[in-house]
Amino acid sequence: MPNKKKNILLVEDESEHVTLIKRAFTKYHGPMRLSIASSLQEAQEHLTGALQDLIIADMFLPDGTGLELIPRDKENHNIPLVVMTSKGDEKIAVDALKRGALDYVVKSADTLADMPHIAERSLREWEHILEKKQAETALRAANQQLRASEQQLQSANQQLRASINQLRLNEEQLRQSEQNYRSIFETAASLIILVNKEGIIIDCNSRVKEILAYNSKEIIGRDYETIIHPECLSQARIDLAEIFIKGVGINKEYKMVRRDQNVIDVRINSSALTDESGHYDRTISVISDITYFKQAQEQLRREKDKARQYLDVAGTIFLVIDADQKVSLINKKGCQVLGCKEKDVIRKNWFDNFIPENIRPKTKDVFYRLMAGEIRLVEYYENVVMTRTGEERIIAWHNTLLRNEEGEPAGTLSSGQDITERIKTQEKLFDYQKQLQSLTSELSLAEERQRQRIANQLHDRIGQSLVLSKMNLDALRAAQQDKSKAEALKDISEMIGNSIADIRSLTFDLGSPILHELGLEPALAELLDELFHDKNKISTKFEDDGKPKPLSEDVRILLFQVVKELLVNVIKHAQATKVMLSIRAEKDKVCIVATDNGIGFDPAQTSLYLSRSGGFGLFSIRERLSHLGGTFDIDSQQRQGTKIIISAPLNARGGKRS
């Protein structure tokens with residue numbers, strides 16, 4: 001190594017490691033000067049202030065990574081970087097070397113103590129790299145010179161062969177050679193023009209008619225400038241002079257003027273030809289008409305502008321995020337939602353600038369894994385974005401994965417709708433629905449209480465009075481000697497008996513006294529006998545596990561109403577011969593199961609099955625049970641019977657316990 005001292009910049013935020021490395025450099029007597037930086041910002045200040053020969057940086061720093069010290073432009077990568085990590089990670093090592101790090105070192109007591117020798121080795125390796133680059137540069141220059149020499153040699157060889165042929169071949173052979181040359185010259189797909197040093201066209205092929213609307217006789221002998229459009233004339237003169245002076249070729253686009261004065265776009269590939277003494281005396285130009293190509297380009301530009309206008313007038317956000325997490329496209333709607341101008345969004349890191357801090361790490365990690373091909377794209381999701389003022393908006397995104405030519409993930413294209421107000425409206429609607437459910441439940445409870453009061457009055461007042469009246473009539477009839485009067489009293493007693501039966505039936509329809517006096521289980525047992533066994537002669541079975549089932553009043557009433565509704569529908573529609581009803585306590589809920597062997601039905605196609613009799617309907621039952629914390633499930637198929645399972649919480653909110 002040269003005796004000149006080398007400046008070494010150590011970027012490390014752990015003081016213990018800094019101490020060990022400084023101690024190692026203190027013991028080392030080589031020509032090195034060590035500078036210390038504890039953060040990425042401080043390191044960049046060092047790099048701005050003084051020339052550094054080597055950077056030794058920790059991979060993970062408080063404000064970034066050591067790899068950020070490598071310039072993105074590899075041409076400006078003139079300071080070698082050695083990356084240190086606390087533990088070995090092959091993926092990190094490969095990524096570091098791909099990014100341009102010179103070496104990768106795993107921290108240990110030995111490596112930290114050996115850091116001066118690592119630095120010395122890295123500097124030597126860097127010098128070898130620089131020498132190799134210089135050698136490669138020199139080699140490329142030499143190759144270019146060699147290729148130019150080869151071309152000149154080929155040209156000279158061709159001229160030499162032509163001279164030899166001219167000496168050896170007779171006039172017929174020379175004429176045949178010229179015919180072959182003209183054949184190739186004429187059949188070329190592009191226009192070929194030869195121009196001498198005075199700028200006069202000395203030859204051309206037949207394509208001149210097709211491209212410039214001249215025939216060969218009309219254009220040969222004309223000044224080359226007469227076919228160049230005035231706006232390109234100045235540049236054409238400069239290019240022609242450069243060809244004759246330096247012998248360099250050009251490949252440029254011009255505008256040319258046809259014989260009919262129409263302007264066309266052409267691409268000209270020109271190079272110099274030499275005379276026998278090796279002086280540049282002519283140019284040969286291959287001219288291709290690119291008018292249609294230019295028109296297509298202009299049409300494409302207009303289509304792009306039109307597409308951009310479509311994006312800007314769309315009521316949907318359009319956003320493209322590249323693999324480096326930066327925004328490469330956003331339309332007007334997106335800027336409006338963010339409250340930013342386009343220039344304030346393009347090339348900005350989307351996650352760092354427009355995603356709230358509390359979800360930023362998780363969102364960035366998902367995007368990183370998506371670009372790495374570790375997870376699949378979620379085509380629809382909703383998340384929160386942050387506007388320029390810090391306001392959070394909820395966006396519903398539809399996403400497409402963009403890929404590069406190799407098929408690797410290159411970014412995402414997303415269209416989004418701002419659903420913030422819709423979400424707020426849905427939340428308000430949900431609150432209103434909960435309030436409505438609560439009011440409905442209270443109304444049903446109040447209705448049941450009123451029905452029960454009416455039933456009690458019918459039973460306690462009118463019913464008992466009629467029973468006493470019937471008893472007195474029966475006693476009077478028994479004491480009556482007159483048969484006609486006794487028969488009349490008998491008819492009256494039977495009429496009163498029928499009224500008593502009607503009042504009992506009406507009392508049962510209005511509300512079950514047993515439900516409020518004895519509880520749900522006895523009320524359900526009486527309901528089963530009343531509806532099926534006593535009237536319809538359907539075989540029934542009731543099971544009760546006998547466990548306590550404390551229920552709030554509104555749950556108890558609702559369960560009784562639901563079961564009654566189900567049993568009435570069995571009578572009307574099921575065509576069943578057997579019905580079973582069971583009730584049991586399961587942990588913190590009561591479970592009621594109603595089973596019949598009837599014709600069954602399809603619950604999916606009979607959503608209003610339970611409302612045929614003017615009752616609740618499936619939807620209403622489910623909603624009310626759900627409001628009280630219960631569930632309602634149906635298992636039924638055509639001709640397979642029906643099984644309905646109802647559950648509700650024990651000790652539910654409010655109300656009295658049964």
Side-chain angles (χ1 to χ4, degrees), residues 60 64-65 67 89-92 94-95 98-99 304 307-342 344-431 433 604 626:
F60 301 103
T65 68
L67 293 178
D89 188 321
E90 183 178 347
K91 184 178 178 183
I92 293 177
V94 171
D95 184 51
K98 281 185 177 179
R99 288 279 300 273
K304 285 184 177 179
R308 183 69 193 196
Q309 291 175 359
Y310 290 159
L311 290 179
D312 285 341
V313 300
T316 301
I317 302 169
F318 284 95
L319 175 72
V320 174
I321 304 175
D322 293 338
D324 60 359
Q325 303 180 4
K326 293 182 179 179
V327 179
S328 62
L329 181 145
I330 188 168
N331 68 339
K332 187 175 181 180
K333 180 64 177 180
C335 293
Q336 289 175 352
V337 172
L338 296 176
C340 300
K341 295 182 179 179
E342 184 178 2
D344 298 324
V345 181
I346 296 297
R347 300 313 304 161
K348 295 293 191 299
N349 187 293
W350 172 255
F351 304 98
D352 291 342
N353 291 277
F354 304 106
I355 297 297
E357 190 173 354
N358 61 323
I359 63 172
R360 189 177 300 160
K362 182 178 179 180
T363 310
K364 290 181 75 171
D365 179 65
V366 170
F367 187 83
Y368 175 82
R369 293 173 62 196
L370 177 63
M371 292 300 101
E374 298 177 2
I375 58 175
R376 298 182 64 182
L377 178 73
V378 178
E379 294 184 358
Y380 175 85
Y381 70 89
E382 299 173 6
N383 77 336
V384 179
V385 301
M386 183 173 61
T387 69
R388 180 178 61 84
T389 60
E391 179 188 4
E392 293 186 357
R393 307 292 295 178
I394 304 171
I395 309 297
W397 296 104
H398 291 269
N399 309 289
T400 299
L401 186 64
L402 302 178
R403 297 183 181 274
N404 57 22
E405 294 179 355
E406 289 75 29
E408 299 171 343
T412 58
L413 167 62
S414 304
S415 64
Q417 288 282 351
D418 186 348
I419 60 171
T420 308
E421 301 306 324
R422 189 181 79 190
I423 294 297
K424 291 180 180 179
T425 302
Q426 288 176 344
E427 291 175 350
K428 289 181 181 179
L429 181 61
F430 180 71
D431 291 339
Q433 287 176 338
S626 175

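Scope of the values below: all heavy atoms of this structure, side chains included, with no hydrogens, waters or symmetry mates. Positions are given from 1 along the sequence.
Listed here is the closest heavy atom pair of Leu401 and Pro409: CD1-CB, 4.2 Å. Counting all heavy atoms, side chain and backbone alike, Phe367 lies closest to Ala323 at CE2-O, 3.9 Å. Closest non-hydrogen pair, Leu319 versus Ile321, comes out as CD2-CD1, 3.8 Å. For the residue pair Gly416 and Thr316, the shortest heavy atom distance occurs at O-CG2, 3.2 Å. Here the closest non-hydrogen pair linking Arg388 and Gly339 is NE-O, 2.8 Å.
Using a 4.0 Å cut-off between charged nitrogen and carboxylate oxygen, Asp352 and Lys364 count as a salt-bridge pair. Between Glu342 and Lys333, none of the side-chain N atoms (NZ, or NE/NH1/NH2) sits under 4.0 Å from a carboxylate O, so this pair counts as no salt bridge. Contact check on Glu427 versus Arg422 returns no salt bridge, with no Lys/Arg side-chain nitrogen under 4.0 Å from an Asp/Glu carboxylate oxygen.
Residues Asn399 and Glu379 have side chains that never bring a donor and an acceptor to within less than 3.5 angstrom of each other.
Scored by the side chain to side chain donor-acceptor pair (under 3.5 Å) test, Trp397 finds Asn383 as partners (sequence neighbours excluded).
Of the inter-residue distances, the one linking Gln325 atom CD with Tyr368 atom OH reads 10.0 Å to the nearest 0.5 angstrom. Interatomic distance, Asn353 CG to Lys326 NZ, rounded to the nearest 0.5 Å: 10.5 Å. The structure places CD1 of Ile423 at 5.5 Å from CD of Glu382, a figure rounded to the nearest 0.5 Å. Separation of atoms CZ (Arg360) and CG (Asn358) is listed at 9.0 Å; rounding is to 0.5 Å. Asp418 contributes atom CG, which lies 11.0 Å from atom CD of Gln336 (distance to the nearest 0.5 angstrom).
Between Ile330 and Cys335, the closest side-chain pair of non-hydrogen atoms falls below 4.5 Å. Taking the side chain as every heavy atom from C-beta outward, Thr412 and Met371 approach each other to under 4.5 Å.
Checked by atom type and distance alone, the side chain of Asp95 never pairs as donor or acceptor with a backbone atom of Lys91 at under 3.5 Å. Judged by distance alone, the side chain of Asn331 and the main-chain N or O of Phe318 form a donor-acceptor pair under 3.5 Å. A donor-acceptor pair is defined here as one N or O able to donate and one able to accept, closer than 3.5 Å; no such pair exists between the side chain of Asp322 and the backbone of Asp324.
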